[in-house]
Structure formats: structure tokens, C-alpha cells
Undergrad: 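Dropping a structure here in C-alpha cells format, bear with me for questions.
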There are 2 protein chains.
Amino acid sequence: MSLGYTKGTDMLDSEQCPDCKRINEVLSRVGDRWSVLVVISLSRYGTLRFNELKRHLGISQRMLSLTLRELERDGLVNRTYHPTIPPKVEYSLTPMGESFREPVRALGHWALENQAIIDAARETYDAAAEGQNAGKPAVPSI
Amino acid sequence: MSLGYTKGTDMLDSEQCPDCKRINEVLSRVGDRWSVLVVISLSRYGTLRFNELKRHLGISQRMLSLTLRELERDGLVNRTYHPTIPPKVEYSLTPMGESFREPVRALGHWALENQAIIDAARETYDAAAEGQNAGKPAVPSI
DNA sequence: CAGCATCCCGTATGATACTG
DNA sequence: CAGTATCATACGGGATGCTG
């Protein structure tokens, strides 16, 4: 959502497969944690107010504000402003936002499925690495 | 892959749905651009050497090195070192790495499908925003 | 309540230089 | 070629304070 990485990688246009560029753009757009979490929350609850989302996600006001604006701009969420006192603003998913749930779920599903395996792999790897550094001072760190 | 966001959001554990935590971890793990791009490249070409990946992705040496190490640690890629001169190191996907392709493809597919729509939505949104700032000095910026 | 503006810090990441 | 070490920088994102 342009909140995340979109800049760097200026080098990424002289070389290789345009797909990589493409995918990069894709990830830049929907890859940031907050956007995904907001979409998921909205998809589950239908409609939420600003502070409801804030509390629910444990996101800072600033990031929620930025994220919602981007999501609205990208056409993934609807923003409904009720000029009451106090003001009330409700957010919900647009059809496109809804369609985004699927791929996200797929990703989430995979991750949940493999989380344990990954953790195990890490332990194994780290253990092996330990062996390598057996003799070393093991970094005193600060 | 722990390269990306993993810290912040320390606030994210006193409140709401554990799913959000979960998904956050998920995204922390596979959400960074380079990991995804590396996996995609490897899945397409089967086996690639360090510099092949580097050129192919337009990634800096540093990030590729870090990314590959994490991917290996997480058990997503195999690293084969050939102690020849000059040295030759080949990377390929593990079965788990292969299984990761699916969700990634789903995401990529969605994004490609909706990219145009999103762009259109942005233009509309920006145009509308323009209207709002019609009278304003339009930020002299520096 | 909704949301913008500021300040500030940690870290992700690219550039450069060096090694086996 | 494959990688590590170091430096510099920008961006992500939280804390705080203000407005309507």
C-alpha cells in the first residue's frame, strides 16, 4: 500500500524478468502487515469504526490512519463518515477488498501449517551453527 | 524471515484476537519481498547460483546473502556448496519451499488481476483529493 | 471519537571495500 | 565467484500533543 517498501531497489529495472518487478509492485501494495490485518478484521466483522479497529489490531493511531487511507485510496475499503457528535466513521470492505481475502487466507493457511516445521528447521539450523562456533567466544554482545 | 518486521507492535499482545498475532508472525516470516522473490525464482529455474540470483532479482549482494541464509535456516531452500575454484554454490527449493509456491501464486495472481483496478481507484481518489485542495497553495514544498 | 502533525528511534537495506 | 564487514541512509512505526 505504498506504506511499505516501494522505493529502494531502483536497480530493479535494468536487469531480469519483468515478473520480478511485477511481483515487487504487488508486494509493495499488499505486503505490509497492517493492510492485511485491517482487511482481515473487516472481512470478519463486516463493519468497524476507527477505534474499534485500533483496539482490535493493537495498531497505533498513526499507522491505522495511514493504512486506512491507503486502503481507501486503493479501493479496498469503504469509508463512511457520519457527521454526528461525536463523529462516527465506519469502515468496510469493498467487493475488491472481499476478493482479497482468498489469497490472504491461502497465505495464512500455509504459514500456520508450516510454522511448526519452520521453527523446527530453525532450531536444527541454529544448533548446527552452534557447533560451528563451539570454540569461539560466542560474541560477548554488549 | 525475520529480515522484515518482527519487532514493533509490542503492544500487540494485550488486546484482541490471537489470530492477528498469528498472522503477524506469518507475515513477518514470509512477508518480505526478497524471500518471496527468491522462492519464486528458484521455483521457476530449479537451481541457481548466488550471482545468478543476484543478477536475476536485481538484489544487492548483502540482502541476497541475508535472505538466502534465512531461507535456508527456515528450511525453505537447500544450499549446496561446491568447493571448487572458483567456488560454486547452488540454491534450490526444499519440498516445503515448493509448497510455498501455491499461496504465493495465489497472492500474485490476485494482485495482477486487480492491479489495474487499484490503479484506477487511486487515480479517482487522487483526482477527488485534488478537487479538495483546489484553492490551496498546493504545498510549496522546498 | 476521528484523525493530522511532530518528534524520535530502530532497523531494513543499498553502496562500498575486503577476503578466501 | 561467493560472501562478510562496515558505513550511511531512509523508512516504518510508536509516543505525544492538538483540532474539530
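Convention: sequence-line order gives letters A, B, ...; per-chain numbering from 1. None of these values were measured; they are calculated from a predicted model. Values reported hereafter were calculated over all heavy atoms of this structure, with side chains retained and with hydrogens, waters and symmetry mates removed.
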Undergrad: What's the spacing between A:Asn51 CG and A:Lys88 NZ if we round to 0.5 Å?
TA: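 A:Asn51 CG to A:Lys88 NZ: 13.0 Å, rounded to 0.5 Å.
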Undergrad: In whole angstrom, what separates B:Tyr81's OH from C:dG20's C1'?
TA: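 To the nearest whole Å, that distance equals 8 Å.
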Undergrad: Rounded to the Å, how far apart are A:Leu53 CG and C:dG3 P?
TA: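 In whole Å, C:dG3 P lies 10 Å from A:Leu53 CG.
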Undergrad: Quick check on DNA chain C: between A:Arg62 and A:Val89, whose nearest nucleotide comes earlier from the 5' end?
TA: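 The residue mapped nearer the 5' terminus is A:Val89.
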Undergrad: Hey, is B:Arg101 close enough to B:Glu98 for a salt bridge, meaning N to O under 4.0 Å?
TA: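 Salt bridge flag = yes for B:Glu98 with B:Arg101.
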Undergrad: How many whole angstroms separate atom CG of B:Leu64 from atom P of C:dT13?
TA: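 It is 13 Å, rounded to the nearest whole Å.
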Undergrad: Check whether any side-chain heavy atom of B:Leu66 lies under 4.5 Å from a side-chain heavy atom of B:Met63, and answer yes or no.
TA: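 The answer is yes, as the side chains (C-beta and beyond) meet within the 4.5 Å cut-off.
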Undergrad: What's the CG-P distance between A:Leu57 and D:dG14, to the nearest Å?
TA: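 Whole-Å distance recorded here is 11 Å.
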Undergrad: To the nearest 0.5 Å, what is the distance between CD (A:Gln115) and CG (B:Asp74)?
TA: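 That separation rounds to 11.0 Å.
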Undergrad: Starting at atom CD1 of B:Ile59, determine the distance to atom C1' of C:dG14, rounded to an integer number of angstrom.
TA: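 Whole-Å distance recorded here is 10 Å.
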Undergrad: Kindly point out which of D:dC1, C:dG14, C:dG3 is positioned nearest to the side chain of B:Ser60?
TA: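 It is C:dG14.
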Undergrad: It should be established whether A:Tyr91 places a side-chain nitrogen or oxygen under 4.0 Å from OP1 or OP2 of nucleotide C:dG3.
TA: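 Yes, because at least one side-chain N or O of A:Tyr91 sits under 4.0 Å from OP1 or OP2 of C:dG3.
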Undergrad: Of the listed nucleotides (D:dG13, C:dA2, D:dC1), which one gets closest to any side-chain atom of A:Asn51?
TA: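 The closest nucleotide is C:dA2.
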Undergrad: From the set C:dG3, C:dG14, D:dC1, return the single nucleotide nearest to any side-chain atom of A:Arg79.
TA: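 Taking heavy atoms from C-beta onward, the closest nucleotide is C:dG3.
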Undergrad: Starting at the 5' end of DNA chain C and moving along, which residue's nearest nucleotide shows up first, A:Pro86 or A:Arg69?
TA: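 Result of the comparison: A:Pro86.
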Undergrad: Whole-Å distance between C:dG20 C1' and B:Ile85 CD1?
TA: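 Checked: the CD1 to C1' distance equals 9 Å.
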Undergrad: When you measure from the side chain of B:Phe50, which nucleotide among C:dG14, D:dA2, C:dG3 comes out closest?
TA: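 Looking only at heavy atoms from C-beta outward on B:Phe50, the closest nucleotide is D:dA2.
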Undergrad: Quickly work out the A:Met63 CE to C:dG10 P distance and round it to whole Å.
TA: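 Taking CE of A:Met63 and P of C:dG10, I get 18 Å after rounding.
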Undergrad: Please walk me through it: do B:Arg69 and B:Glu72 pass salt bridge (charged side-chain N to carboxylate O under 4.0 Å, His left out)?
TA: CA-CA 5 Å; B:Arg69 196 187 306 158; B:Glu72 187 195 356; over 6 Å; no
Undergrad: Nearest-Å distance, CD (B:Gln61) to P (D:dT6)?
TA: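 Those two atoms, CD and P, are 16 Å apart.
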